[in-house]
Novice: 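Let me begin by handing over the structure; questions about it come next.
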Amino acid sequence: MDMRTTGIVAYVPWVGLLIALCIGDKEGAKFHLNQSLVLHLFALLGVIPCLGKIWLVFIFVCWIIGLVAAINEEEKEVPLLGKIKLIK
């Protein structure tokens, strides 16, 4: 997969992220792979009662921002969580 396709597939929940990590262009799409991984992991906080629902709405908005950036081949960080680097 090329860089753009890998970035887009990375934002598909869990399965897409695994596919992008295994057979995608890891070096070219490293930014979007990292952003997607951070969003997926922080989405797990949505199980917290009351605040979890609000958090999931925030994560969904961040997911849309990241997906649009991947489609446009931009490296735009998502709000609040964008500075976290798990993949170096």
Side-chain angles (χ1 to χ4, degrees):
M1 284 190 285
D2 65 336
M3 183 179 87
R4 180 176 183 209
T5 306
T6 303
I8 293 169
V9 170
Y11 286 99
V12 176
W14 295 111
V15 174
L17 179 62
L18 290 175
I19 290 171
L21 282 170
C22 292
I23 63 173
D25 178 14
K26 289 186 247 344
E27 285 304 312
K30 188 182 291 187
F31 176 82
H32 290 292
L33 287 169
N34 183 66
Q35 294 284 297
S36 177
L37 180 61
V38 168
L39 288 175
H40 283 89
L41 291 176
F42 276 90
L44 296 174
L45 294 175
V47 299
I48 299 172
C50 297
L51 293 177
K53 304 297 182 207
I54 297 168
W55 181 252
L56 285 178
V57 170
F58 171 72
I59 293 293
F60 180 72
V61 170
C62 289
W63 179 81
I64 295 293
I65 292 170
L67 182 61
V68 169
I71 291 169
N72 293 329
E73 296 184 35
E74 300 172 348
E75 290 190 359
K76 183 177 180 183
E77 292 182 346
V78 296
L80 192 64
L81 304 174
K83 300 252 188 255
I84 299 171
K85 303 290 184 231
L86 298 177
I87 300 174
K88 295 182 183 189

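These numbers come from the heavy atoms of this one structure, side chains and all, not from hydrogens, waters or symmetry mates.
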Novice: With a 4.5 Å cut-off on side-chain heavy-atom distances among I, L, V, M, F, W and Y, is there a chain of contacts connecting Ile65 to Phe31?
Specialist: no
Novice: Consider only side-chain heavy atoms of I, L, V, M, F, W and Y, link residues closer than 4.5 Å, and tell whether Trp63 and Leu86 are in one cluster.
Specialist: yes
Novice: Side-chain contact test, heavy atoms from C-beta onward, threshold under 4.5 Å: evaluate it for Val78 versus Val61 and give yes or no.
Specialist: no
Novice: Looking only at atom types and distance, does a side-chain atom of Asn34 sit under 3.5 Å from a main-chain N or O of Ile84, one as donor and one as acceptor?
Specialist: yes
Novice: List in chain and number order the residues that pass salt bridge (Lys or Arg N to Asp or Glu O under 4.0 Å) with Lys53, two or more places apart in sequence or in another chain; answer none if no residue qualifies.
Specialist: none
Novice: Would Leu51 and Leu45 satisfy side-chain contact (heavy atoms from CB on, under 4.5 Å), going step by step from the backbone distance to the final call?
Specialist: CA-CA 9 Å; Leu51 293 177; Leu45 294 175; over 6 Å; no
Novice: Would you please say whether a donor-acceptor pair under 3.5 Å links the side chains of Ser36 and His32?
Specialist: no
Novice: Would you find more than 12 non-hydrogen atoms of other residues, nucleotides or ligands less than 6.0 Å from Lys76 atom NZ?
Specialist: no
Novice: Are any non-hydrogen side-chain atoms of Ile8 and Leu67 less than 4.5 angstrom apart?
Specialist: yes
Novice: Taking Val38 as the starting point, is it possible to reach Val57 by hopping between hydrophobic residues whose side chains are less than 4.5 Å apart?
Specialist: no
Novice: With heavy-atom distances below 4.5 Å as the criterion, would you say the side chains of Leu21 and Ile87 are in contact?
Specialist: yes
Novice: Test your reading of the model: is there a side-chain donor-acceptor pair from Gln35 to the backbone of Gly82, 3.5 Å cut-off?
Specialist: yes
Novice: With a 4.5 Å heavy-atom cut-off, do Asn72 and Val68 have their side chains touching?
Specialist: yes
Novice: Side-chain contact test, heavy atoms from C-beta onward, threshold under 4.5 Å: evaluate it for Tyr11 versus Leu39 and give yes or no.
Specialist: yes
Novice: Indicate, with yes or no, if Ile64 and Phe42 share a hydrophobic cluster defined by side-chain heavy-atom contacts under 4.5 Å among Ile, Leu, Val, Met, Phe, Trp and Tyr.
Specialist: yes
Novice: Between Lys30 and Glu75, does any NZ, NE, NH1 or NH2 come within less than 4.0 Å of an OD or OE carboxylate oxygen?
Specialist: no
Novice: Please report the interatomic distance CG(Leu37) to CG(Leu18), rounded to the nearest 0.5 Å.
Specialist: 9.5 Å
Novice: Which heavy atom of Ala20 sits nearest to which heavy atom of Leu33, and what is that distance?
Specialist: CB-CD2, 3.5 Å
Novice: Could you grab the distance from atom CD1 of Ile59 to atom CD1 of Ile54, nearest 0.5 Å is fine?
Specialist: 13.0 Å
Novice: Hey, is the main chain of His40 close enough, under 3.5 Å, to the side chain of Trp14 for a donor-acceptor pair?
Specialist: no
Novice: Please check if Leu56 and Leu41 belong to a single hydrophobic cluster, counting links between Ile, Leu, Val, Met, Phe, Trp and Tyr side chain heavy atoms closer than 4.5 Å.
Specialist: no
Novice: Flag the pair Phe58 / Leu80 as yes when at least one side-chain heavy-atom distance between them is below 4.5 Å, and no otherwise.
Specialist: yes
